[in-house]
2 protein chains.
Amino acid sequence: MAVTLKDLARELGISITTVSRGLAGYDDVAEETQLRIKDTAERLGYQPNLTARRLQKQQTGILGFIMPTFGPRFSDPFFSEFIAGIGNEAANHDFDLLVSTHPPDSDGERKTYQRAVTRAWVDGLIVVRTREEDARIQLLCQHNFPFVAFGRTDDEYDFPFVDEDSEAGMRALVQHFIDLGHRHIAFISPPSGLMFGRYRLKGFQDTMADNGLPVPSGWIVEGDMTQRGGAELTEQILALTPRPTAILAGNDLMALGVMNRLQQHGFTVGEDIAVGGFDDIPLVEHTHPPLTTIHQPIYEIGRRTCDMLIDIINGRSPTNPHVLLTPTLVVRASSGQPIA
Amino acid sequence: MAVTLKDLARELGISITTVSRGLAGYDDVAEETQLRIKDTAERLGYQPNLTARRLQKQQTGILGFIMPTFGPRFSDPFFSEFIAGIGNEAANHDFDLLVSTHPPDSDGERKTYQRAVTRAWVDGLIVVRTREEDARIQLLCQHNFPFVAFGRTDDEYDFPFVDEDSEAGMRALVQHFIDLGHRHIAFISPPSGLMFGRYRLKGFQDTMADNGLPVPSGWIVEGDMTQRGGAELTEQILALTPRPTAILAGNDLMALGVMNRLQQHGFTVGEDIAVGGFDDIPLVEHTHPPLTTIHQPIYEIGRRTCDMLIDIINGRSPTNPHVLLTPTLVVRASSGQPIA
DNA sequence: ATTGACATCCAAAACGTTTTGGTTTATACT
DNA sequence: AGTATAAACCAAAACGTTTTGGATGTCAAT
């Protein structure tokens, strides 16, 4: 079927070795021979077999990305943009990207990470949505397996990561609302256990405290990162007394849910109640009203994470193995005008 | 580093062959020996090297998916859900999923498909967003390479596909608006060249014609599938006379853009102007107002596409190589009450 | 004692590449 | 003439697995 080195060697009447080395451009092959080899390779449409090369080189040329997904009907714009980022960067360096989906902390996820470290499955992994006491990262560190995380963790391992400073982002967001005059602010936090959720929560709590604003119990509720979740929790929040003048969400998807539920109740977002999100997914620039949020350059983060991983795989230690990006506040209409 | 068959053989004092066959459970290995083999394999943590196995079996165990993406900042909920569908199904059959992103009809895309057919890169491909005279499909057919498409094409090749009946879906959508009393309906079509866009456009045109409704020039505009595009084209549409009472978009993302731009202009969607979309991405159930649209079971489509591909790779011809699913109309508030 | 059947094992080849450690031939230097 | 030196080539091993086609030994039937 496919043309192999053996075929070329037979056609040319020389050894497989010489063909291989000729194609690779080694200088122990006469220039003229090299030309002949490359010519016939071209003519016969020779393409090296990747599997054979991998076996010999003991490298797969593949990067792995295991998406932590909830449920089957799953749709998070974060992932398509992130995949585009790592995928393009990987392609630039002649790596392929293997994608696998598993619910967080599931058996399937554990098995897949296990597979990565014990079999020659991929050359390196990209880990996202880091968790508290993240078993994935512990495993990878113990096996000394090449990986880069998007996010930090709270255990003692030292590993390369790219992260955005969620705490700083959240501080900026909260301060913006406080500066607008809001005193009664509710927060829908990301699910506990996720590191970035922890930072965002801390950013919220600290900023409120710094401004001398109490946060009674019930004013922080835990969401599930989905639009539906945001919408449902809005009901709880509307029942609080006094009614919050602003609702912040731990991510944009939940903020969208909040906005829509508020609108269903007849509130005008940005006037009656202000709303803020986090992530700046492309969607929220064009909602009604456009959402005030914290911009995270997801594509760029994907790109840099991937870049760092490839450095590690190739034995170059990255110049800076702990990248912390500062996200920026994007003020749009959903936060409204100064009040009271 | 990793434990190999050779290590096991040495440890057990038997041949590599017997170890291999013992692990595979062949009955020309004594039951007692099998147990000993499996025991030590377990004990030493043996895991077969995937690359070596692939080389021998002449199969990669990998499925390829090349996402047609526009621009770097790319985020389409369609893809995350679709990937989840094919990824999970692939995992169920012990296949991995390789994902690669390239702008449609780009050099990179061509090279990647070329690579798939000439080198042992993946065992099969999943093709989405089929185009008119689709060069990818022509290539794959000519090389007899295993693939399944989500979508049909207009050339003469016979190939396996899963598709939803966009034309029927669009007919249902348009008829719904006509039944509500709308006579002046504008349509933002998907970009020309995409097959599903063609079907959706045809569904629109035919249904209007069937109902004796003229569609003056300017009432069909070509969009780019993005929210931003939908928003911008809304301006053009609002300038039409008479002003449309309904605006339909070729996909949900554009419909969202339309809704938001209309709201910016002070219109109440579903009362002043009705809006309809297509796809039923998870997002639009929770917008304000919720969007009337055509439901496409993307996860399920991904699952079935993948399933069919695996059948083909394994030499089983699929029971039905041309699956056409009928999408369903989902009526929500954005289409409003009957008018006039 | 020979034959056949069966159970159990294994050496070698194969998959397609790259690398190692040469050999051969021609040329230049003493 | 003999000896380095360099240029050009190649056989064999290696990567780790599976498959092919026996080989060996045991036992029962003839």
Side-chain angles (χ1 to χ4, degrees), chain A residues 1-38 40-41 44-62 94 96 115 117-123 314, chain B residues 1-38 40-41 44-62 94 96 115 117-123 314:
Chain A
M1 191 70 244
V3 186
T4 70
L5 281 184
K6 203 198 281 186
D7 298 328
L8 290 188
R10 185 159 6 86
E11 175 84 7
L12 285 157
I14 58 182
S15 79
I16 292 182
T17 307
T18 307
V19 177
S20 173
R21 299 188 68 89
L23 284 173
Y26 283 83
D27 62 0
D28 63 354
V29 176
E31 202 146 346
E32 193 232 319
T33 318
Q34 287 205 19
L35 287 179
R36 277 178 54 225
I37 292 174
K38 285 174 183 166
T40 33
L44 302 190
Y46 168 77
Q47 295 292 126
N49 178 301
L50 292 169
T51 310
R53 177 179 284 175
R54 279 169 190 163
L55 177 59
Q56 154 68 29
K57 293 221 156 170
Q58 294 291 79
Q59 280 221 1
T60 63
I62 302 180
D94 284 316
D96 286 322
R115 180 150 85 129
V117 298
T118 63
R119 319 169 71 159
W121 184 48
V122 294
D123 290 339
N314 288 335
Chain B
M1 192 74 245
V3 186
T4 70
L5 282 184
K6 204 199 278 184
D7 299 327
L8 290 190
R10 187 163 1 87
E11 175 83 9
L12 285 157
I14 58 181
S15 77
I16 292 181
T17 307
T18 306
V19 177
S20 171
R21 301 189 66 93
L23 285 172
Y26 283 82
D27 63 359
D28 62 355
V29 176
E31 202 146 346
E32 193 234 320
T33 317
Q34 287 204 20
L35 287 180
R36 277 178 54 225
I37 293 174
K38 285 172 184 167
T40 33
L44 302 189
Y46 168 76
Q47 295 290 125
N49 178 299
L50 291 170
T51 310
R53 177 178 283 176
R54 280 169 189 163
L55 178 60
Q56 155 67 29
K57 292 220 156 172
Q58 294 290 80
Q59 280 222 358
T60 62
I62 302 180
D94 284 317
D96 286 322
R115 180 150 86 129
V117 298
T118 63
R119 318 170 71 159
W121 185 48
V122 294
D123 290 340
N314 289 335

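Reminder, nothing fancy here: chain letters follow the sequence lines and each chain counts from 1.
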_Separation of C/dA14 P from A/I16 CD1 (nearest whole Å)_ = 12 Å
*Interatomic distance, B/Q59 CD vs D/dT17 C1' [rounded to whole Å]*: 14 Å
*Is any side-chain nitrogen or oxygen of B/Y26 closer than 4.0 Å to OP1 or OP2 of C/dC10?*
no
*Write down the distance between CZ (A/R119) and C1' (D/dG16), rounded to a whole number of angstrom.*
12 Å
_Spacing of B/N49 atom CG relative to D/dC15 atom P, expressed in whole Å_ = 11 Å
*When we call it a touch if two heavy atoms are under 4.0 Å apart, what does B/R21 touch: a base, just sugar-phosphate, or nothing?*
base
*Describe the nucleic acid contact of B/T4 in one word from base, sugar-phosphate, nothing, applying a heavy-atom distance below 4.0 Å.*
sugar-phosphate
*With no hydrogens and no angle check, is any side-chain donor or acceptor of B/Q59 less than 3.5 Å from a backbone partner on B/R53?*
no
*Residue-phosphate contact under 4.0 Å: A/T33 side-chain N/O, D/dC9 OP1/OP2*: yes
*Proximal nucleotide (of D/dT17, C/dT17, D/dT20) relative to the B/L5 side chain*: D/dT17
*Take the protein atom CG of B/L23 and the nucleotide atom P of D/dT19, then report the distance between them rounded to whole Å.*
13 Å
*Could you state the NZ-C1' distance from A/K6 to C/dA14, rounded to the nearest angstrom?*
8 Å
_A/R53 side chain near C/dT18 phosphate (N/O to OP1/OP2, under 4.0 Å)_ = yes
*Would you mind telling me which of C/dG16, C/dC9, D/dC9 lies closest to the side-chain atoms of B/A30?*
C/dC9
*Which part of the nucleic acid does B/T51 contact within heavy-atom distance under 4.0 Å: base, sugar-phosphate only, or nothing?*
nothing
*For B/D28 and D/dT18, give me the distance from atom CG to atom C1', rounded to whole Å.*
13 Å
*Under 4.0 Å: is that the gap between some side-chain N or O of A/Q58 and OP1 or OP2 of D/dG16?*
yes
*Is it true that B/R54 and B/D96 have a side-chain N and a carboxylate O under 4.0 angstrom from each other?*
yes
_On a heavy-atom basis, which atom in B/W121 and which in B/T60 lie closest, and how many Å separate them?_
O-CG2, 3.7 Å
*Does B/R21 offer a backbone N or O that forms a donor-acceptor pair with the side chain of B/Q34 under 3.5 Å?*
no
_Just N and O in the side chain of A/S15: are any of them under 4.0 Å from OP1 or OP2 of D/dC10?_
yes
*For the side chain of B/T51 and the backbone of A/L55, is there at least one donor-acceptor N/O pair under 3.5 Å apart?*
no
*Quickly work out the B/I14 CD1 to C/dT8 P distance and round it to whole Å.*
13 Å
*When you check the phosphate oxygens OP1 and OP2 of C/dT18, does a side-chain N or O of A/S20 lie under 4.0 Å from one of them?*
yes
